[in-house]
Asker: 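Here's a structure for you.
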Amino acid sequence: MRSLTARAAAFLAEPHQCTLTTLRPDGSPHVTAVRFTWDPATNLARVLTVASSRKARNVARSPGNRVAVCQAEGFRWITLEGTATMSNDAARVAEGARRYLSRYLTMPPAPPDRVVIEIAVDRILSLNL
């Protein structure tokens with residue numbers, strides 16, 4: 001995996017809306033708006049959601065399947081690709097919430113069935129960063 005440029009790292013720290021693409025059981029893409037966090041030390045992206053959501057069910061059905069999270073603004077974009085797993089482990093969900101607060105400066109929703117999708121990023125694509 002290539003290293004991030006300083007501009008790409010700064011862009012990933014900005015609080016933009018993003019999309020997450022997972023695969024449905026029939027193999028078709030499911031794209032949904034999300035907020036995510038990026039941990040460059042571990043190459044891990046995190047998305048908080050609820051266990052009953054389509055994206056969470058897609059990941060839970062096939063842990064380790066490839067997914068992509070994309071952030072775009074104007075003619076700048078970055079896509080982080082990798083394998084995804086879903087967890088309801090309290091410590092992992094709390095870490096996702098802590099990072100969410102740090103990036104978006106607001107607490108994430110906290111429904112009782114909240115889970116975290118963790119993406120082990122192994123490919124980064126970008127434009128104008």
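Quick note: numbers below take in every heavy atom, side chains included, and nothing from hydrogens, waters or symmetry partners.
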Asker: Is there any ring pair (Phe, Tyr, Trp, His ring centres under 6.0 Å) pair reaching into residues 109-129, and which pairs are they, with sequence neighbours excluded?
Answerer: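 For residues 109-129, and leaving out neighbouring residues, there are no ring pair (Phe, Tyr, Trp, His ring centres under 6.0 Å) pairs at all.
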Asker: Answer whether the closest heavy-atom distance between the side chains of Arg46 and Arg35 falls below 4.5 Å.
Answerer: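 Contact flag for Arg46/Arg35 side chains = no.
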Asker: Check the side chains of Asp89 and Ser87 for a donor-acceptor pair under 3.5 angstrom, ignoring hydrogens and angles.
Answerer: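 No, Asp89 and Ser87 have no side-chain donor paired with an acceptor closer than 3.5 Å.
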Asker: Give the C-alpha distance, both sets of side-chain angles, the deciding distance and a yes or no for side chain to side chain contact (heavy atoms under 4.5 Å, CB included) between Asp39 and Arg99.
Answerer: CA-CA 9 Å; Asp39 180 356; Arg99 290 177 178 277; 3.1 Å; yes
Asker: With clusters built from Ile, Leu, Val, Met, Phe, Trp and Tyr whose side-chain heavy atoms come within less than 4.5 Å, directly or transitively, what are the remaining members of the cluster of Leu101, listed by chain and number?
Answerer: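 Taking Ile, Leu, Val, Met, Phe, Trp and Tyr as members, Leu101 shares its hydrophobic cluster with Met107.
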Asker: Quick check on side chain to side chain contact (heavy atoms under 4.5 Å, CB included): which of Val47, Val34, Thr22 does Ile117 satisfy it with?
Answerer: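 For Ile117, the side chain to side chain contact (heavy atoms under 4.5 Å, CB included) test succeeds with only one of Val47, Val34, Thr22, which is Val47.
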Asker: For Pro25 and Asn58, work out which heavy atoms get closest and say how close.
Answerer: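 For Pro25 versus Asn58, the nearest heavy atoms are CD-OD1, 3.8 Å.
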Asker: Looking at every heavy atom in both Arg114 and Pro108, which two are closest together, and how far apart are they?
Answerer: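 Between these two residues, the closest heavy atoms are NH1-CG, 3.4 Å.
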Asker: Applying the ring pair (Phe, Tyr, Trp, His ring centres under 6.0 Å) test to His16, which of Trp77, Phe11, Tyr104 qualifies?
Answerer: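 Filter result, single survivor: Phe11.
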Asker: Can you tell me how far CD1 of Ile124 sits from CG of Asn43, rounded to the nearest 0.5 angstrom?
Answerer: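 Rounded to the nearest 0.5 Å, the CG-CD1 separation comes out at 6.5 Å.
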Asker: Measure across Thr49 and Ser53 and return the closest heavy-atom pair with its distance rounded to 0.1 Å.
Answerer: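 In this case the closest contact between Thr49 and Ser53 is OG1-OG, 3.1 Å.
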Asker: Determine, using the 4.5 Å side-chain heavy-atom cutoff (strictly less than), whether Val59 and Tyr100 are members of one ILVMFWY cluster.
Answerer: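 Not linked; separate clusters.
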Asker: What about Val69 and Leu23, same hydrophobic cluster or not, with Ile/Leu/Val/Met/Phe/Trp/Tyr joined at side-chain heavy-atom distances under 4.5 Å?
Answerer: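 Different hydrophobic clusters.
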Asker: Looking only at heavy atoms, which two atoms of Pro29 and Thr21 are closest? And how far apart?
Answerer: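 Heavy atoms of Pro29 and Thr21 come nearest at CB-CG2, 4.0 Å.
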Asker: Establish whether Leu48 and Leu80 are linked, either directly or via other cluster members, by ILVMFWY side-chain heavy-atom contacts under 4.5 Å.
Answerer: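 No, because Leu48 and Leu80 fall into different hydrophobic clusters, even though each may have its own neighbours under 4.5 Å.
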Asker: What I want to find out is whether Arg92 reaches Glu95 closely enough, with some N-O distance under 4.0 Å, to be called a salt bridge.
Answerer: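 No, Arg92 and Glu95 are not salt-bridged.
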Asker: If I take atom NZ from residue Lys55 and atom CE from residue Met86, how far apart are they, to the nearest 0.5 angstrom?
Answerer: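 Atom-to-atom, Lys55:NZ and Met86:CE are 12.0 Å apart.
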Asker: Hey, are the side chains of Arg24 and Arg57 touching, using non-hydrogen atoms and a 4.5 Å cut-off?
Answerer: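 They are not in side-chain contact.
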Asker: Compare every heavy atom of Ala51 with every heavy atom of Ala56, then report the nearest pair and how far apart it is.
Answerer: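 Result for this residue pair: CB-O, 3.7 Å.
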Asker: Between Ser52 and Asp113, which heavy-atom pair has the shortest distance, and what is it?
Answerer: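 Where Ser52 meets Asp113 most closely, the heavy atoms are OG-OD2, 3.7 Å.
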Asker: What's the separation between atom CZ in Arg7 and atom OG in Ser126, rounded to the nearest 0.5 Å?
Answerer: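 Rounded to the nearest 0.5 Å, the CZ-OG separation comes out at 9.5 Å.
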Asker: Would Leu129 and Leu4 show up in the same hydrophobic cluster when neighbours are defined by side-chain heavy atoms closer than 4.5 Å?
Answerer: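 Yes, same cluster.
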Asker: Hey, mind stepping through Ile78 and Leu12 against side chain to side chain contact (heavy atoms under 4.5 Å, CB included) and telling me if it holds?
Answerer: CA-CA 8 Å; Ile78 191 163; Leu12 280 172; 3.7 Å; yes
Asker: Do Phe36 and Gln71 have side-chain heavy atoms sitting under 4.5 Å apart?
Answerer: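 A side-chain contact exists here, since the closest heavy-atom pair is under 4.5 Å.
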